[in-house]
Chemist: 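Would you mind keeping the following structure in view while I ask a few things?
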Amino acid sequence: MGGILDGLNESQRAAVTHVDGPLLTLAGPGSGKTRVVTHRIAYLLEQGISPYSILALTFTNKAAQEMKHRVVRIVGETNVWMGTFHGYCARFLRRYGNLVGLKDNFTIFDADDAKSALEEAVGIAGVSLTHLKFPEISKSVGQLKNRAITPEMLQSAPSGALEVAVRKIYPAYQKLLLTNNAVDFDDLLMHTATILRTNEDLRADLDSKHEYVLVDEYQDTNLAQYLIVRGLSLNYPNINVTGDPDQSIYGWRGADIGNILNFERDYPNVATVRLEENYRSTPEILSAADCLISCNVRRKAKRLIPTLPSGQKVLICSYATAKEEADDISDQIVQHVLDGTREPKDFAVLYRTNAHSRLFEQALMRRKIPYQLIGGFRFYQRQEIRDLVAYLRLVNNPEDDVSFRRVVNVPPRGLGDKSLQQVTELSRSRGISMLVALRAALERGMLSKKALSGARTFLELYDRLVHLSGDSIVAMLEHLLKATNYIEYLSGKKSDQADDSVQSNVQELLADAEEKDSLMSDGEGLQQFLEQISLASDTDNLKSDNRVTLMTLHAAKGLEFENVYIIAVEQDVLPHARSKHDAAQMEEERRLFFVGITRAKQALQISNASSRGFGGSKMGCPSPFLLELPRAEMSVVDKTGARAPGGRGPWSRDGFWASEWISEDEVSQEVGGEDFEVVRWDDQDPDANRAFVEPSYELPDLPPKRPKKSRDDKKDQGHPNDPAEDQQVEIQEMSPKKGGKLPAGLAGIKSGAELNTSTTLAGIPVDYFKAGTRITHPRYGLGVVVTVDGFGPKRVAKIEFDDGETKSFQLSKAPIDVA
DNA sequence: AATATGTTCATTTTT
DNA sequence: TGAACATATT
């Protein structure tokens with residue numbers, strides 16, 4: 001089998017043939033990373049290393065499947081363990097979970113189950129939520145778990161209301177999970193890390209068992225995962241981590257980019273291999289990606305070396321509305337498909353948040369283009385699936401009170417809040433599960449007549465299911481459907497809508513179950529089936545059908561497409577609003593954009609729209625990231641003007657938007673009779689670009705369009721044009737927050753903030769204030785800008801005044817104007 | 001318990 | 001903008 005090293009470049013070969021000792025593979029996008037990992041596994045096997053001593057961990061099922069698939073293709077069936085972190089941990093806990101109080105039939109709670117459990121824990125802990133938000137608490141708990149901090153480890157005195165609350169809630173929550181014999185997602189990792197940490201013999205045992213450990217996407221590991229990997233590679237540090245710090249996009253989930261940046265410190269004598277040659281994208285696309293990512297400060301410099309021939313320019317496109325964006329892109333797709341140059345599956349539309357998919361779904365549907373939506377409502381999250389699965393879970397783990405509550409009165413059988421309350425009390429006071437408590441309540445005649453018969457029906461059904469569980473999953477499901485008349489119940493509930501999706505979803509679940517049944521002998525498959533469901537994610541559902549793919553930038557990691565559209569690249573969307581005050585988060589947003597760009601093989605369009613959201617009322621500024629792209633070598637297209645009906649263009653909005661675009665006159669001159677305007681940025685002839693760079697310096701006299709709907713804005717009405725004299729002036733925020741209404745009186749934009757953020761050329765913001773700009777300040781007079789730092793409202797200019805004095809001003813506040 | 005109507009409220013990313 | 005939640009009504 002000489003083929004393992006064929007067709008690999010030098011660095012790839014170096015990584016593949018590295019056998020013993022720690023190895024760090026820094027793999028840029030499209031550099032053949034998966035190829036290296038799979039070939040390395042094959043190489044290890046070829047060296048006579050036992051498949052049982054190799055452990056390969058990934059983040060997604062899809063990556064794991066891909067890996068298995070490709071390894072099998074090289075070496076045939078193998079017993080190498082390849083799977084996700086969560087999958088490995090689940091298996092680990094089935095075996096060793098008793099060390100933290102779990103039984104082997106524990107349930108894995110999904111996010112929703114975990115939420116109800118946490119809510120209950122809040123109640124048990126007796127914490128009032130009046131001054132705290134639930135999501136905050138949930139986030140805090142998650143963060144602790146990501147860092148593998150158990151309730152017992154909480155030490156230092158809590159500070160602040162949140163910490164005080166979490167101190168009570170977290171232990172209550174963990175206790176509750178244990179009495180349910182359940183874990184949440186984070187627990188899978190945390191418990192595993194804890195067990196490895198506190199049971200040295202076991203750790204050493206597994207360390208030697210997994211002599212060779214491979215970790216994919218190492219830049220996305222959190223502390224708990226780090227501890228697991230570390231624990232398994234202490235005595236046998238034959239560990240190969242692969243990743244790309246520039247693609248670390250899960251910091252919000254606790255991923256610590258430091259894990260990869262510090263790998264060389266953690267493991268002495270590390271061999272480092274850089275895979276920098278890119279086999280995926282055109283030089284144009286790579287140049288854009290490289291240019292962007294170079295703006296990150298906290299990174300290891302790394303090159304992207306193109307190997308493909310030059311292709312078309314990367315496009316930046318501005319639209320007037322989000323709808324036009326969706327329509328135009330869909331039209332482009334139609335065009336390419338009709339041309340025969342591309343198929344639907346060659347396209348991907350990527351966006352920051354799931355909500356952005358909607359317009360595209362509509363646009364594509366109208367054009368009858370097949371598409372698939374990744375994310376959004378997940379299959380296993382649908383009510384019908386969750387209900388049915390909850391029954392199965394309860395069979396598998398009778399202590400799972402969350403599932404019990406979910407199904408005990410579904411369909412309604414007279415077990416309402418009141419009876420359930422009694423059962424809950426009984427369960428709490430006696431320390432028994434809800435299921436057992438219900439039985440007890442029934443026997444002791446504690447229930448009302450209606451509830452009594454309901455309880456009988458339910459328990460009868462349950463017992464029957466338990467009986468059938470020795471048979472097959474399908475048998476259970478079929479009995480369940482028949483006994484409860486479930487489909488009828490649910491479609492009756494959803495009334496008017498002829499919803500056949502319920503039917504087909506149930507069919508799909510049955511098909512899954514059947515597959516599991518056929519693989520496993522009598523009833524053995526239930527637990528695995530449930531685990532598979534719990535750990536399934538939506539990227540797994542990626543079909544290889546011929547469809548356009550719609551998904552978030554996060555979900556796109558690891559994938560590639562011929563043509564990629566990245567949409568809504570706008571201020572507060574792509575650098576998301578919640579990231580903008582934090583430099584580290586800004587860098588993560590930039591990496592996210594980088595990931596998106598590098599998904600494209602042949603063609604890439606980046607777009608923004610100036611209005612988006614509810615009724616087009618929400619305004620969007622182009623993303624500052626656009627300024628970091630090599631625009632001189634890209635095509636910059638402005639489609640804001642012409643497509644709108646009735647000449648509705650930039651001018652139709654509040655006057656203040658007009659300063660963003662070239663004037664309508666100029667647009668119509670350029671456009672002529674064209675359907676839409678296409679303006680190219682011309683780097684040969686700077687004069688041609690002047691129109692975009694300069695006209696906005698002279699702010700047009702804007703008609704104060706907005707009728708004063710003054711109700712609460714009492715003060716500004718009088719002197720909208722008079723910026724007050726020093727930094728205490730309160731300028732209303734640029735982005736309309738409430739009700740999508742713009743603040744009144746913006747006609748006389750003068751403050752630095754407006755100038756600095758609202759000015760664009762062909763949809764790209766231009767910095768008004770940069771070093772060298774002559775400015776004037778009502779109090780200090782004339783001066784010149786020395787430096788400008790920071791983003792958005794925090795943008796600060798250092799100014800040297802003509803009298804020699806130097807001062808710094810927050811541009812969002814200071815009444816500075818261009819001289 | 002189920003429906004009707006009103007009200008608020010968000011709007012990141014996910015194993 | 002609509003979805004999710006809350007309250008009122010039968």
Side-chain angles (χ1 to χ4, degrees), chain A residues 57-64 83-90 108-112 114 133 135 138-139 142 145-146 183-190 192 216-217 220-222 224-225 248-255 322-323 350-359 374-378 380-381 409-419 450-451 454 489 492-493 495-496 531-540 551-558 568 572-580 585 588-589 591-593 595-596 611-618 735 737-740:
Chain A
L57 296 171
T58 66
F59 277 79
T60 63
N61 296 309
K62 191 177 70 60
T84 64
F85 266 101
H86 289 82
Y88 175 80
C89 291
I108 301 172
F109 279 171
D110 65 24
D112 288 317
K133 285 177 219 128
S138 151
K139 195 176 151 200
K145 292 191 172 188
N146 285 156
V183 298
D184 64 19
F185 280 130
D186 297 327
D187 281 344
L188 288 169
L189 303 174
M190 182 178 77
T192 303
D216 199 17
E217 309 279 19
D220 286 331
T221 47
N222 60 29
Q225 286 160 325
S248 162
I249 54 176
Y250 286 104
W252 51 275
R253 210 170 74 188
K323 184 163 183 308
L350 310 181
Y351 36 78
R352 180 64 234 264
T353 74
N354 280 308
H356 294 303
S357 68
R358 202 199 216 120
L359 288 169
I374 309 297
F377 308 111
R378 303 176 203 173
Y380 291 114
Q381 221 163 285
N409 202 27
V410 171
R413 33 175 92 91
L415 287 161
D417 285 345
K418 217 169 137 225
S419 349
K450 208 165 69 171
Y489 149 71
K493 209 173 145 193
S495 66
D496 39 306
E531 183 169 312
Q532 175 187 313
I533 287 172
S534 299
L535 298 180
S537 74
D538 19 272
T539 10
D540 306 336
M551 62 183 158
T552 63
L553 288 160
H554 283 90
K557 195 163 72 155
D572 290 354
V573 177
L574 188 35
H576 193 269
R578 295 179 65 156
S579 308
K580 66 181 165 192
Q585 285 186 55
E588 180 154 318
E589 296 285 307
R591 291 193 291 268
L592 188 56
F593 192 17
V595 166
S611 93
R612 180 177 304 281
F614 324 134
S617 56
K618 199 170 174 182
S735 51
K737 284 238 160 108
K738 296 182 181 141

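What you see is a predicted model; the values in this text were computed from it and never measured. Labels below follow one simple rule: chain letters A, B, ... track the order of the sequence lines, proteins then strands, and each chain is numbered from 1.
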Chemist: In whole Å, I'd like the distance from the CG atom of A/Leu535 to the P atom of B/dT15.
Modeler: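 Taking atom P of B/dT15 as the reference, CG of A/Leu535 is at 10 Å.
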Chemist: Under 4.0 Å, counting only non-hydrogen atoms across every strand here, what does A/Arg358 touch: a base, just sugar-phosphate, or nothing?
Modeler: sugar-phosphate
Chemist: Please compare A/Gly414 and A/Ser579 by the position of their nearest nucleotide in DNA chain B and report the one closer to 5'.
Modeler: A/Gly414
Chemist: With a 4.0 Å cut-off on heavy atoms, is A/Gly416 in touch with a base, just the backbone sugar-phosphate, or nothing at all?
Modeler: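 Touches sugar-phosphate only.
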Chemist: Please report the distance, rounded to the nearest Å, between CG in A/Leu592 and C1' in B/dT14.
Modeler: 13 Å
Chemist: Please give the distance between the C1' atoms of C/dA4 and B/dT11 as a whole number of Å.
Modeler: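 About 13 Å, rounded to a whole number of Å.
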Chemist: State whether the side chain of A/Asn409 and the backbone N or O of A/Leu415 hold a donor-acceptor pair below 3.5 Å, judged by distance alone.
Modeler: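 Yes; at least one donor-acceptor contact below 3.5 Å.
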Chemist: For A/Lys139 and B/dT14, what is the distance between atoms NZ and C1' respectively, to the nearest whole Å?
Modeler: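 Answer to the nearest Å: 15 Å.
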Chemist: Would you mind reading off the distance between A/Asn354 atom CG and B/dT11 atom P, rounded to a whole angstrom?
Modeler: 13 Å
Chemist: Could you check whether A/Phe185 gets within reach of a base, just the sugar-phosphate, or nothing at all, counting any heavy atom under 4.0 Å?
Modeler: base
Chemist: In whole angstrom, give the distance that lies between atom CG of A/Asp112 and atom C1' of C/dA4.
Modeler: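 My rounded result for the distance is 14 Å.
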Chemist: Report the nucleotide, chosen from B/dT15, B/dA1, B/dT14, that has the shortest atom-to-atom distance to any side-chain atom of A/Asn409.
Modeler: B/dA1
Chemist: So, do A/Trp252 and B/dT13 meet the stacking rule of ring centres under 5.5 Å and planes under 30°?
Modeler: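 Answer is yes, a stack.
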Chemist: For A/Arg253 and B/dT15, give me the distance from atom CZ to atom C1', rounded to whole Å.
Modeler: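 Spelled out: CZ on A/Arg253 to C1' on B/dT15 is 5 Å.
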Chemist: Quick one: which of B/dT13, B/dA2, B/dT15 gets closest to the side chain of A/Pro412?
Modeler: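 Looking only at side-chain atoms, A/Pro412 lies closest to B/dA2.
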Chemist: Distance check needed: B/dA1 P versus A/Arg413 CZ, whole Å only.
Modeler: 13 Å
Chemist: Test your reading of the model: is there a side-chain donor-acceptor pair from A/Glu589 to the backbone of A/His576, 3.5 Å cut-off?
Modeler: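 Present.
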Chemist: Are A/Asp184 and A/Asp187 close enough that some pair of their side-chain heavy atoms sits under 4.5 Å apart?
Modeler: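 Touching, per the 4.5 Å side-chain cut-off.
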Chemist: Hey, does the side chain of A/Tyr351 reach the backbone of A/Met551 with a donor-acceptor pair shorter than 3.5 angstrom?
Modeler: yes
Chemist: To the nearest Å, how far apart are A/Leu415 CG and B/dA2 P?
Modeler: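 My rounded result for the distance is 12 Å.
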Chemist: If we only count heavy atoms from C-beta on, is the A/His554 to A/Ile249 side-chain gap below 4.5 Å?
Modeler: yes
